[in-house]
Each structure stands twice: as C-alpha cells, then as structure tokens.
Amino acid sequence: MLGRGAGGAVVLRELAADGSVLEERTRAVQELPSLVAELEAAHRPRWVWSDAAAWYPRLLAAGVTLERCHDLRLVHRILRHSDLVTEPGPLREATGWDTPLEPEEPRRDLGATLFDLDARPSAAHGVPDGIEETCAELERQLSAIAGAEDPTRLRLLLAAESAGALIAAELQTAGIPWDVAEHDRILTEALGPRPSPGTLPAQMVQVAAEVRTALGDPTVSLDSPPKLLRALHRAGIDVSSTSQWELQEHEHPAIEPLLRYKKMSRLLTANGWAWMDEWVSEGRYRPVYVPGGVVTGRWASSGGGALQIPRRLRPALRADPGWRLVSADVSQLEPRVLAAMSHDGEMIAAGAGKDLYSGIVEAGVVASRQEAKVGVLGALYGGTTGDSGRVVPRLRRTFPEAMALVDGAAATGERGGTVTTWLGRSSPAPEPGWVQAQRSANGPEAASGEQERARRSARDRGRFTRNFVVQGTAAEWALSWMAALRLRLAQLPEVAPDERADASGPVFSRRAHLAFFLHDEVIVHAPADQAEAAAAAIRESADAAGRLLFPGSPIDFPLDLTITERSAEK
DNA sequence: ATGGTAGGCGCG
DNA sequence: AAAGCGCGCCTACCAT
C-alpha cells in the first residue's frame with residue numbers, strides 16, 4: 001500500500017492477506033520508483049493506492065510497470081452504488097473518495113511535475129491519500145466486498161476496473177504513434193493548405209461562396225445557426241434547424257455545398273492544425289483517458305477527444321519504422337453480451353462463428369442485415385417507432401430471453417429502481433426530485449400536463465436502465481479483454497529500441513504495448529516480428545474474457561483483426 | 001470579461 | 001428531430 005506520510009514523504013506499508021502489517025518504510029518520493037520496482041520484481045503484489053492516475057504516471061516515467069493494483073477511488077465508486085453490496089457501512093455516505101473523476105486541467109506535462117506531490121491530480125481534487133486514511137478506506141472496502149451477495153463476481157469487476165486504471169495511465173504514457181505529415185496531407189486535401197492564423201483555408205472560402213451565391217445572400221454567416229436558419233428560410237428552404245439530417249431531406253442548390261462546408265468546418269475546428277499542434281508532439285498523440293468516467297462503466301476522455309477521432313483521420317495513425325499496428329474490434333459486442341447474460345440460445349446461435357446480424361437474417365426473422373441491425377439497436381436502446389419499432393416485436397418472438405432481460409431492465413428503471421450489470425455495477429438511484437415528481441403525477445390532483453411529463457420522464461429513465469445493463473456489461477467484457485491482453489503482451493520479449501520508437505518513453509519503446517482503446521476496439525503497437533504474437537494474444541484474451549465472464553456459455557466473441565503499418569479508414 | 005447553455009456533430 | 005443509449009468538444013449566444 002502506498003500513501004502519503006508526514007512532510008511529503010511516501011509511506012509504503014506491506015500487508016499480509018489477513019490485513020496485518022508486515023513491514024513499513026518511509027521514503028522520499030524520489031526514491032519511490034526504485035523501491036517499488038524491487039518489491040514488484042520480488043513479490044508481484046497487488047498495489048493499493050488512492051488513485052492510479054495520481055501515483056502511476058511517475059512510476060511509468062521512471063520506467064516501472066506494475067502488474068496489479070487496487071484503485072480505491074474507482075472501487076469506491078462501484079461499491080457505493082452496487083446492489084450486490086449488502087453491508088455498505090459508511091461507503092454510501094458522501095466522502096472525499098467520491099470526488100470528480102478527472103483533474104480540473106488535463107495534465108499533459110507529466111514530466112514537469114513528476115515528483116511534485118502537491119501538483120498531483122488527487123491533491124487538486126481532494127481524494128484522500130494519507131497512509132492512515134488509505135488504510136482505513138481499504139478496510140471498509142474489503143469488509144463491504146466480503147459481505148457482498150456475490151463477492152467472487154464483484155472481485156472480478158473491481159480487479160478489472162483497477163487494471164483499467166493501470167492501462168489508462170500506460171496508454172497515455174505510451175501515446176498513439178501519429179504521423180503529422182499524413183494528418184497534414186488529409187487536412188490539405190480536404191480544406192486546402194494550412195492558412196495563416198485567423199483566416200479560413202482556401203477551399204472553405206470557396207465552398208462558403210458557393211453557398212452564399214446559392215442562397216442569394218452574399219454576407220450570411222454560415223457558422224451561426226440562428227443567422228443561417230433565417231437565411232435558409234429566406235431562400236425558401238423550410239427547415240426547423242440547420243442540422244445535416246434535416247437539410248439533406250430538401251432539394252435546393254445551396255444544400256449540397258452547405259453540407260460540404262459543414263463537414264469541412266467540423267474537421268478544421270475539431271481536428272485541424274490547431275488540434276495537431278496542441279495534442280501531438282514527438283510523433284505521439286497523448287489523449288487523457290478517464291476510466292470509469294461514464295455511469296455505465298465505459299471510459300470517458302478528457303482533453304484531446306480520444307474517443308472521437310474521426311475515421312477519416314485514422315490513416316494518420318502509423319506504426320514506427322520496423323513496428324506494426326495490430327488492430328482488432330469485436331463484432332456486435334453488445335448484442336452478444338446480451339445473448340450470454342440472458343442465456344438466449346437462439347441469439348447465441350445466430351451469432352455463432354459469424355456476423356450476428358446475418359445470423360438473424362438466416363434465422364428468418366428479417367429480410368436484410370440492415371433491418372436486423374436497426375432492430376437489435378432498437379432493442380438495446382428502447383426504440384419504439386419507425387423501422388426499429390416494426391422489427392423489435394419480431395425479435396421479441398424469436399429471442400424471448402434476451403428481450404425479457406432488457407424489457408425487465410426498462411420496467412425497473414421506469415419504476416425508479418436500479419439495475420445491475422453482470423459483474424455488479426449498479427445504476428445510480430433516481431434523484432429524490434424525480435421520485436417526488438412521479439409520486440405527485442400519480443396523485444389525484446395531478447394536471448394532465450404533469451402526468452404526461454412524468455410518464456415521458458419515466459420512459460426516458462427506462463431506456464437508460466435498459467441500455468445500462470448491456471452497455472455496462474459490454475464495458476466489463478472489454479476491460480477483462482484488455483486486462484488479459486496487457487499481461488500477455490508483457491510476456492513478449494523486449495527489443496532494442498530504435499531512435500524513433502523512443503517517443504514511447506523508457507518502458508514502451510522496447511516492447512509491444514496497447515496504443516489505443518475505443519469501447520470495443522484495441523490497437524497494439526508492436527515490433528514487426530512480434531505482430532503475429534500480439535495478434536494471437538489479442539485473440540486469446542478475447543476468448544479468456546468470454547470464459548471469465550460467462551463460464552460454460554457457448555457465446556463467442558469474434559474479432560476483426562488486421563496487422564498494418566498504417567491504420568485503415570474503414 | 002467571464003460563465004453557463006444549446007446546437008451541432010464526431011465516436012461506440 | 002436522427003425514431004432510440006452513452007459520451008466530449010467546438011462555436012455562438014445570452015446571462016451575469
């Protein structure tokens with residue numbers, strides 16, 4: 001266990017399995033990496049600390065990686081809400097362990113403040129990290145886990161979540177190998193050459209002129225939705241917003257160039273040259289990942305937009321010379337997870353060894369893959385209208401167990417209840433105001449408008465809980481996948497770093513490492529002669545994750561996997 | 001000037 | 001208004 005001691009020192013406390021203290025040492029923070037490395041090599045312990053985001057980057061910067069940890073902050077957030085926890089003790093009260101997930105300012109200067117205790121993100125947002133409070137929190141958590149309804153399952157979740165905390169820090173340290181020249185080429189092709197600051201790229205200027213001509217309005221601003229909307233109305237285009245999906249329903253010479261302008265504008269403002277200058281350095285894009293940042297357990301990102309990189313920029317993701325990108329994504333992760341959770345034999349069979357949507361077509365439920373996809377998404381999201389509304393009832397007949405699971409989750413949510421993922425993450429309880437509004441809308445004096453609002457709000461919540469169990473369990477599968485993969489990659493031998501690969505820092509320039517994660521997709525950056533081994537590790541880890549979560553289930557999780565030098569747009 | 005919100009759009 | 005989930009980020013806009 002690591003915690004802060006008096007005078008800025010770090011206390012390292014070794015605990016036995018029964019919680020008794022074996023040994024305690026106090027060290028200056030500069031001495032921490034070497035001591036931790038020594039103990040890691042000797043014992044492979046589970047490191048307990050307040051917050052991996054606070055402790056681990058400095059160890060990584062010193063070249064130290066760890067196998068396992070227990071992240072008190074992330075674990076607390078799960079235990080605090082989990083319905084599996086029957087003896088929560090003080091865990092459900094608001095404490096410093098429930099602080100916001102992310103630092104106020106994304107930290108992109110890991111080197112500068114590496115050994116500056118007060119600059120640590122935890123200090124900034126108040127996670128307690130003194131050794132005694134760290135120890136006390138661990139005791140509370142262990143006791144809550146031991147008393148839980150299904151401690152084995154919960155422990156899987158907590159271990160996976162903590163592994164995710166290690167992985168997120170490692171991803172940021174390693175960075176994504178990013179080809180600035182290719183990025184610039186894509187921008188230049190789409191927008192024209194990089195303009196001087198404060199001016200628009202040439203091709204955007206030209207397209208904007210086309211739009212203004214077609215609208216018969218030489219000065220209208222295309223970047224202000226209200227002004228643009230009025231100009232559209234003046235030109236006889238009857239839209240209620242300026243969004244692309246509404247615009248494309250209309251016939252007018254201004255529409256096509258306007259949609260083109262919007263695409264260009266989006267690319268420039270979200271991932272243009274300014275983004276490149278801010279987020280890419282030394283051939284690495286280093287976004288900030290926020291494990292557990294989404295209520296369902298998915299990761300979020302903070303700064304750099306790691307989870308929103310547009311597909312058209314994917315070719316800028318390029319392996320170092322002599323290295324490869326091994327990319328893999330899971331086909332239809334969420335419906336497969338649902339099939340396994342609900343033991344729906346028909347749905348498991350539809351996806352067995354092939355594309356699940358095609359399997360649904362072959363089962364005779366719908367005529368086309370597109371229908372199958374829209375229907376399944378409607379089932380997961382609670383769609384009631386249009387194409388998905390038409391298909392969902394048929395899915396309900398063919399896949400009764402799967403549909404009963406999500407329908408049940410929706411019904412629970414509508415009643416104000418909480419739902420729980422496969423491994424034990426529960427949805428937050430509704431706000432007291434929500435419960436009150438539902439109660440009063442059901443009372444005898446409720447106005448019809450109030451009733452309608454309350455019903456809509458109940459249905460909204462039902463769609464949230466419906467999706468929560470599936471999205472959350474899929475996130476658990478993905479964490480388990482990455483956790484297994486990380487350990488397998490660590491078994492691959494180190495190689496001699498070349499000059500360019502040094503950009504990954506002292507640890508990851510010498511070995512295959514995770515470089516990117518996006519909900520159901522990973523990219524490993526590996527030396528070329530280890531690419532096949534890395535691919536095998538990715539596959540084995542996916543199988544392992546399936547067996548870990550759903551032992552004995554015939555469910556499979558097929559991957560699309562490629563080994564390339566440059567990421568494909570797809 | 002600063003801060004919060006909404007529109008819009010990128011990702012799964 | 002994307003028919004139906006979860007996010008983050010940019011800009012314009014309006015309140016303070």
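Lettering of chains follows the sequences in order, A, B, ..., and the numbering in each one begins at 1.
Residue A:Ser302 places no side-chain N or O under 4.0 Å from the OP1 or OP2 atom of C:dG8. At C:dG4, one or more side-chain N or O atoms of A:Thr384 fall inside 4.0 Å of OP1 or OP2 (strictly under the cut-off).
A distance-only check finds no donor-acceptor pair linking the side chain of A:Trp477 to the backbone of A:Val337 [under 3.5 Å]. Judged purely by atom type and a 3.5 angstrom limit, A:Arg390 has no side-chain atom pairing as donor or acceptor with the backbone of A:Gly375. A:Asp556 contributes a side-chain N or O that, together with a main-chain N or O of A:Gly353, makes up a donor-acceptor pair within less than 3.5 Å. Side chain of A:Thr473 to main chain of A:Trp422: a donor-acceptor pair is present (N/O by atom type, distance under 3.5 Å, no hydrogens or angles).
Salt-bridge annotation for A:Glu161 and A:Arg77: absent, with no side-chain N of the basic residue lying under 4.0 Å from a carboxylate O of the acidic one. Ion pairing between a basic and an acidic side chain is recognised when a charged N comes within 4.0 Å of a carboxylate O; A:Arg453 and A:Glu450 show no such pairing. Salt-bridge formation is detected for the pair A:Arg194/A:Asp277: a Lys NZ or Arg NE/NH1/NH2 atom is positioned less than 4.0 Å from an Asp or Glu carboxylate oxygen. By the 4.0 Å N-to-carboxylate-O rule, A:Glu452 lies close enough to A:Arg459 to be salt-bridged with it.
Atom CE of A:Met341 is separated from atom CG of A:Leu405 by 5.0 Å, given to the nearest 0.5 angstrom. Note that CG of A:Leu395 is 10.0 Å distant from CD of A:Glu371, once rounded to the nearest 0.5 Å.
If you measure from atom CH2 of A:Trp275 to atom P of C:dT11, you get 15 Å, rounded to the nearest angstrom. Protein atom CZ of A:Arg459 is 14 Å distant from nucleotide atom P of C:dA3, rounded to whole Å. Atom CG of A:Asp238 is separated from atom C1' of C:dA1 by 14 Å (rounded to the nearest Å). Going from atom CG of A:Leu377 over to atom P of C:dG6 covers 14 Å, rounded to whole Å. If you take CG of A:Leu267 and C1' of C:dC10, they are 13 Å apart, rounded to a whole angstrom. Rounded to whole Å, the distance from CZ on A:Phe468 to C1' on C:dG4 is 18 Å. Atom CG of A:Asp460 and atom P of C:dA1 are 13 Å apart (whole Å).
Residue whose closest nucleotide on DNA chain C sits further toward the 5' end, between A:Asp387 and A:Thr269: A:Asp387. Comparing A:Lys227 and A:Arg463 against DNA chain C, the residue whose closest nucleotide sits nearer the 5' end is A:Arg463.
Atom CD of A:Glu540 sits in a crowded spot, with more than 12 heavy atoms from other residues, nucleotides or ligands closer than 6.0 Å.
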Footprint string (nucleotides 7-12 of chain B, 5' to 3'): B base within contact, S backbone only, - free, heavy atoms under 4.0 Å: -BBBSB

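Within residues 199-210 of chain A, no residue places a heavy atom under 4.0 Å from DNA chain C. Scanning residues 398-434 of chain A for heavy-atom distances under 4.0 Å to DNA chain C yields an empty list.
Rounded to whole Å, the separation between the C1' atoms of C:dA3 and B:dG4 comes to 30 Å. The gap from the P atom of C:dG4 to that of B:dG12 amounts to 22 Å, rounded to the nearest Å.
The partner of C:dG4 is absent, by the rule that a Watson-Crick or G-U pair needs both atom distances under 3.5 Å.
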Checking A:Trp481 against A:Phe517 for the ring pair (Phe, Tyr, Trp, His ring centres under 6.0 Å) test, could you report, in this order, the C-alpha distance in whole Å, the side-chain angles of both residues, the deciding distance, and whether it holds? CA-CA 11 Å; A:Trp481 181 34; A:Phe517 169 59; 7.7 Å; no

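Distances from the side chain of A:Val374 to the nucleotides C:dG4, C:dA12, C:dC7 place C:dG4 closest.
Residue side chain A:Ser388 reaches the base of C:dG4 through a donor-acceptor N/O pair under 3.5 Å, judged by distance alone.
Within the nucleic acid shown, A:Gly304 comes within 4.0 Å of sugar-phosphate atoms alone, with no base atom in reach, counting heavy atoms only. Nucleic acid contact class of A:Val470 (heavy atoms, under 4.0 Å, all strands): none.
With 3.5 Å as the limit, one finds no donor-acceptor pair spanning the side chains of A:Thr398 and A:Glu346.
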